[in-house]
Structure formats: structure tokens, C-alpha cells
**Student:** 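Pasting a structure below so you can have a look.
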2 protein chains.
Amino acid sequence: MANTSPAIEDYLKTIHAHTEWQPEPITPSVLATRLAVAPSSVTEMVKKLAAQGLVTHQPYGAIRLTDAGLSRALGVVRRHRLVETWLVSDMGYGWDAVHDEAEVLEHAISDRLLEAIDAHLGRPARDPHGDPIPQADGSIVSVPTVLLSEAPAGHAGTVVRISDRDPQLLRRLAACGIRPGVLVTLSGDTLDGPDGTAVELDADGREAIWLTT
Amino acid sequence: MANTSPAIEDYLKTIHAHTEWQPEPITPSVLATRLAVAPSSVTEMVKKLAAQGLVTHQPYGAIRLTDAGLSRALGVVRRHRLVETWLVSDMGYGWDAVHDEAEVLEHAISDRLLEAIDAHLGRPARDPHGDPIPQADGSIVSVPTVLLSEAPAGHAGTVVRISDRDPQLLRRLAACGIRPGVLVTLSGDTLDGPDGTAVELDADGREAIWLTT
DNA sequence: GCTCGGATTTAGGGATACCGAAATACCCGC
DNA sequence: GCGGGTATTTCGGTATCCCTAAATCCGAGC
Ligand SMILES: [Mn+2]
Ligand SMILES: [Mn+2]
Ligand SMILES: [Mn+2]
Ligand SMILES: [Mn+2]
């Protein structure tokens with residue numbers, strides 16, 4: 001009854017990530033794609049998670065976290081984001097380089113070390129990509145945002161969050177000073193940053209940046 | 001052909017540890033005890049390590065690291081000891097509390113993070129227990145030492161190393177200021193430290209402290 | 001030399017977390 | 001209402017690492 005493992009933690013985190021910025025529950029095939037495993041592996045693991053009361057799922061139905069599953073998922077997200085923040089703040093990592101390291105360390109650090117890192121960093125509320133860091137009690141400080149691809153033309157706002165999925169994009173954005181906290185304006189396909197800088201974004205890029213409303 | 005895993009790393013590290021301070025090669029039963037696994041598990045894993053050229057072993061014979069195995073073992077030791085040093089220097093851990101955390105993290109940190117930690121700490125030569133930290137090239141700075149249980153009565157010297165296996169002992173020693181670098185004198189079963197402090201040591205305690213000759 | 005007890009290996013399984021191929025359910029368009 | 005194609009599950013299997021119980025080996029002591 002180990003009850004947890006890196007695999008279980010990654011499943012819970014990925015199920016949660018899907019509903020963090022959009023509301024529809026995740027399907028097995030999307031989950032399989034995100035985790036880079038075969039659909040049959042998802043069926044099997046989801047069955048196990050359901051047996052442990054971490055998700056609800058009936059055959060051919062959607063997958064939803066239970067309260068217990070959500071709380072476990074938030075714990076993993078917290079570890080992931082605090083590790084990313086630590087790597088950038090203390091260890092000289094660029095924000096495009098932290099994800100893979102955090103993906104592993106999130107399963108390896110103890111509660112005690114997590115607490116020490118959190119204290120050391122001054123209990124940050126957001127990670128380097130602007131993702132909110134769940135607090136130890138599970139609460140999250142959230143800010144209303146618009147996804148760039150859904151923002152009206154000419155919309156101006158502060159960058160709140162940038163998806164950390166594409167390191168290439170993160171490097172391009174860093175090069176022209178676009179990061180969380182910076183004021184920008186959307187003009188068609190290009191995003192105007194400070195000091196007259198601008199980046200042209202493709203469809204994927206416009207699905208990776210969130211501004212204040 | 002993953003070629004490495006936490007289990008493999010722990011086997012190599014444990015095989016190496018046995019010869020680090022004493023010369024006889026380790027036997028399967030001792031290895032099983034140290035790793036807290038059944039002897040049959042050792043037989044099986046050692047067979048695999050031999051197939052990968054990391055140890056030499058014929059049935060009923062001793063287990064010895066090959067050059068390749070030694071170099072891999074030193075890599076794990078380096079990660080373990082740098083993590084311990086980091087936990088004590090930066091994260092406020094006591095030296096009695098770092099071992100279990102390092103036991104896990106040693107398998108999780110990337111080469112890049114290892115290098116960042118090493119640089120951050122100023123490339124330390126010894127961990128908090130006085131164990132030498134293998135350098136990135138595999139070299140080790142070693143100091144001639146005597147184990148307390150083998151030291152002549154009245155021997156005086158500087159504490160070089162204290163085994164990190166018994167946290168209880170580490171706490172007792174810390175309480176009276178005995179740690180690597182401190183000058184002490186052995187009188188029978190008691191070790192006299194600075195400022196008139198003294199600790200009485202049982203047989204195990206006298207097998208856990210090394211002094212300069 | 002032989003024997004016996006401890007050390008080691010062999011044999012047979014279990015848990016976890018994957019996979020590909022084959023069966024099945026579901027639902028959209030007609 | 002009926003296919004038919006896609007999503008999902010089922011099924012049989014692999015790899016890793018561990019276990020207990022049952023051989024088997026080995027060497028110390030007689
Ligand atoms: Mn992960
Ligand atoms: Mn992030
Ligand atoms: Mn370990
Ligand atoms: Mn140590």
C-alpha cells in the first residue's frame with residue numbers, strides 16, 4: 001500500500017493541469033498524449049486511481065479528480081513550481097531550462113525540504129512562468145486572465161502567465177523582455193512589449209500567453 | 001537499455017562504501033544487510049551488474065567493482081555528499097538529518113544541477129561528516145586516518161570523519177562540539193574534546209570516528 | 001577426508017508500470 | 001435507424017526489482 005509513486009503523481013498532476021485553465025474534464029487519449037504513454041496504460045492506471053478514490057471514472061466516461069485527488073495533485077504542483085522557482089532564483093537556471101529538472105525533483109524532495117525551500121524563497125506566490133504556487137494549505141491566489149488568442153484586437157494588459165511547455169518560445173520572449181509582470185499590447189499577430197520591442201506570434205504562441213483582463 | 005536506475009546506483013555505492021575505509025571485498029550477505037534486501041535479490045542484481053561490466057563476480061566468489069563500476073559509484077557518492085553539504089550549508093539541516101534526504105536526491109539531480117550546486121558551494125572537498133567528495137574527474141583528496149577503535153590509548157588527533165550511519169551518535173557528538181576539524185584525545189573509552197568536554201563511546205561509537213594519525 | 005551449518009544460488013512468484021494487437025463501445029453523419 | 005470510424009478497453013506480454021522456500025555449495029573443525 002505504497003499509495004503513491006512518481007507515475008501516480010504525474011497522472012494526477014496532468015489530470016489537474018487540464019482543468020486549471022479550461023473547464024472540460026480530460027479524456028483518456030489526451031491524458032495518454034500528455035504523458036507520452038499508450039492509451040491502454042491510461043485505462044489501467046485510471047482504474048487504479050479510481051480504486052484509491054483519487055479520481056472518478058466509469059468506462060468510456062470522463063476522468064475527474066475527487067477532492068482527495070485534487071489535494072494530492074495540488075501538492076505535486078506546489079512541489080514542481082517551488083522547485084522551478086528555486087532553480088531560477090538560486091541556481092542560475094534560465095526559465096526555459098527548469099521544467100525537465102523539476103519534473104524529476106518534484107517526486108524526490110521531502111516535505112521538510114519543500115518547507116525549507118519555500119521559507120528560503122520567501123513563500124513566493126508564482127513561479128517563473130507566472131503559474132500560481134498552491135500554498136501548503138491548498139489555497140491558490142488567482143488572478144483573472146485572458147488567453148492571447150481570445151483577447152480582443154488592441155488589448156493591453158500585464159503578462160500574467162506564459163506556458164512553460166515550449167522552451168523555444170520562452171527563449172524568444174526572454175530575448176525581448178517579455179515575462180510575467182510586463183505591460184504589453186496586442187496588435188494583430190504581434191505583441192508589443194516595452195521599449196518598442198515586439199514579437200510576432202503564431203497560433204501556438206497566442207495560446208501560450210495570458211494577460212490581465 | 002536504461003543502464004542505470006536508483007537500485008543499480010545504490011548497489012554500486014554500497015559495494016564501493018565497503019572498500020572505502022577497509023580493503024576486503026564485500027560479500028553478498030553483507031551487501032544484502034546494508035541494502036535491506038534479501039540475499040536472493042543480491043544474487044540476481046549482481047548478475048545483472050556483472051553482465052553490464054560494472055562488477056566482477058563468479059558464483060560463490062567476492063564482488064568487486066570494475067573500473068567502469070568504480071567510476072559510476074564515485075559519481076553517486078559525489079552526488080550524495082554534495083547534496084548533504086548543500087542541505088547543511090544552505091537549507092539549515094543538521095548533519096544528523098541529511099542522510100535520508102540525500103539518499104533519494106542523489107538519484108534525482110541532473111549533471112547540470114550537480115555542477116551548479118558544486119559551484120554554489122565553492123567546490124567543497126568534504127561533506128559535513130568529513131567524508132571526501134569525489135571531484136568531477138573522479139579524483140579524491142585523501143588524508144591518512146586511524147579508526148578510534150584501532151587508535152593507541154592516549155592518541156590525540158583531529159577528527160577527520162564521523163560515520164553518518166547513526167543519527168543518534170551524531171546528535172550526541174554535536175552536543176559536545178565534536179565534529180570534523182576538532183582536536184580530540186582518546187582516554188580509554190572516552191573521547192576528550194575542546195573546553196573539557198568528553199563523551200563516553202561504546203564499541204560502535206569507536207568504530208564510527210576517524211582521527212588524523 | 002567428512003560433515004554440518006551458514007552463505008549463496010535457484011526456482012517460482014508478486015507488484016508496478018509499461019507496451020501492441022484485438023475486441024468493443026460510442027457517437028456522428030447520413 | 002444504421003454504419004463506420006474513432007476512442008477506449010481488454011488481453012496477453014515485457015522489464016525491473018523485490019520476496020520466500022528450497023536446493024546447493026563451501027570451508028571450518030574434527
Ligand atoms: Mn514528474
Ligand atoms: Mn512553471
Ligand atoms: Mn540512494
Ligand atoms: Mn555523509
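Scope of the values below: all heavy atoms of this structure, side chains included, with no hydrogens, waters or symmetry mates. Quick caveat, the model's predicted, so the values are computed rather than measured. Proteins come first, then strands; the chains are lettered A, B, ... in the order of their sequence lines, and each starts at number 1.
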**Student:** Has the side chain of B:S40 got a donor or acceptor that lies under 3.5 Å from a partner of the other kind on the base of D:dT20?
**Tutor:** yes

**Student:** Once you round it to whole Å, what is the distance between C1' of D:dA7 and CD of A:Q58?
**Tutor:** 16 Å

**Student:** If you find the nucleotide of DNA chain C closest to A:Y60 and the one closest to A:Y11, which residue's nucleotide is nearer the 5' end?
**Tutor:** A:Y11

**Student:** Return the nearest nucleotide to the side chain of B:T43; candidates are D:dC17, D:dT9, C:dT8.
**Tutor:** C:dT8

**Student:** Please confirm whether A:H129 and A:H99 have ring centers closer than 6.0 angstrom.
**Tutor:** no

**Student:** Separation of B:L49 atom CG from C:dT9 atom C1', in whole Å?
**Tutor:** 16 Å

**Student:** Output the rounded distance in Å from CD1 (A:I8) to C1' (C:dA15).
**Tutor:** 12 Å

**Student:** Side chains of A:D90 and B:H120: do they bring a donor and an acceptor to under 3.5 Å?
**Tutor:** no

**Student:** Heavy atoms only, 4.0 Å cut-off, all strands: where does A:A32 land among base, sugar-phosphate and nothing?
**Tutor:** nothing

**Student:** Can a side-chain donor-acceptor contact be found between B:E200 and B:T190 if the only test is distance below 3.5 angstrom?
**Tutor:** no

**Student:** Just call it for B:A38: base, sugar-phosphate, or nothing, with non-hydrogen atoms closer than 4.0 Å on any strand.
**Tutor:** base

**Student:** Tell me whether the side-chain N or O atoms of B:E44 pair up with the base of D:dC17 as donor and acceptor below 3.5 Å, since no angle test is needed here.
**Tutor:** no

**Student:** Would you mind classifying the nucleic acid contact of B:P39 as base, sugar-phosphate or nothing, using non-hydrogen atoms under 4.0 angstrom?
**Tutor:** base

**Student:** Quick one: does B:Y93's side chain get under 4.5 Å of A:R112's, heavy atoms only?
**Tutor:** yes

**Student:** Whole angstrom is fine here: how far is it from CG in A:L12 over to P in C:dA17?
**Tutor:** 11 Å

**Student:** So if I take every side-chain heavy atom of A:K48 and compare against D:dT9, C:dT16, C:dT8, which nucleotide ends up nearest?
**Tutor:** C:dT16

**Student:** OP1 or OP2 of D:dC17 sitting under 4.0 Å from any side-chain N/O of B:S41?
**Tutor:** no

**Student:** Could you please name the option among C:dT9, D:dT8, C:dA17 that lies closest to any side-chain atom of A:A7?
**Tutor:** C:dA17

**Student:** Less than 3.5 Å between a donor and an acceptor, one on the side chain of B:S29 and one on the base of C:dG6, is that the case here?
**Tutor:** no

**Student:** Ignoring hydrogens and angles, state whether a donor on the side chain of B:H107 or B:D10 is under 3.5 Å from an acceptor on the partner side chain.
**Tutor:** yes

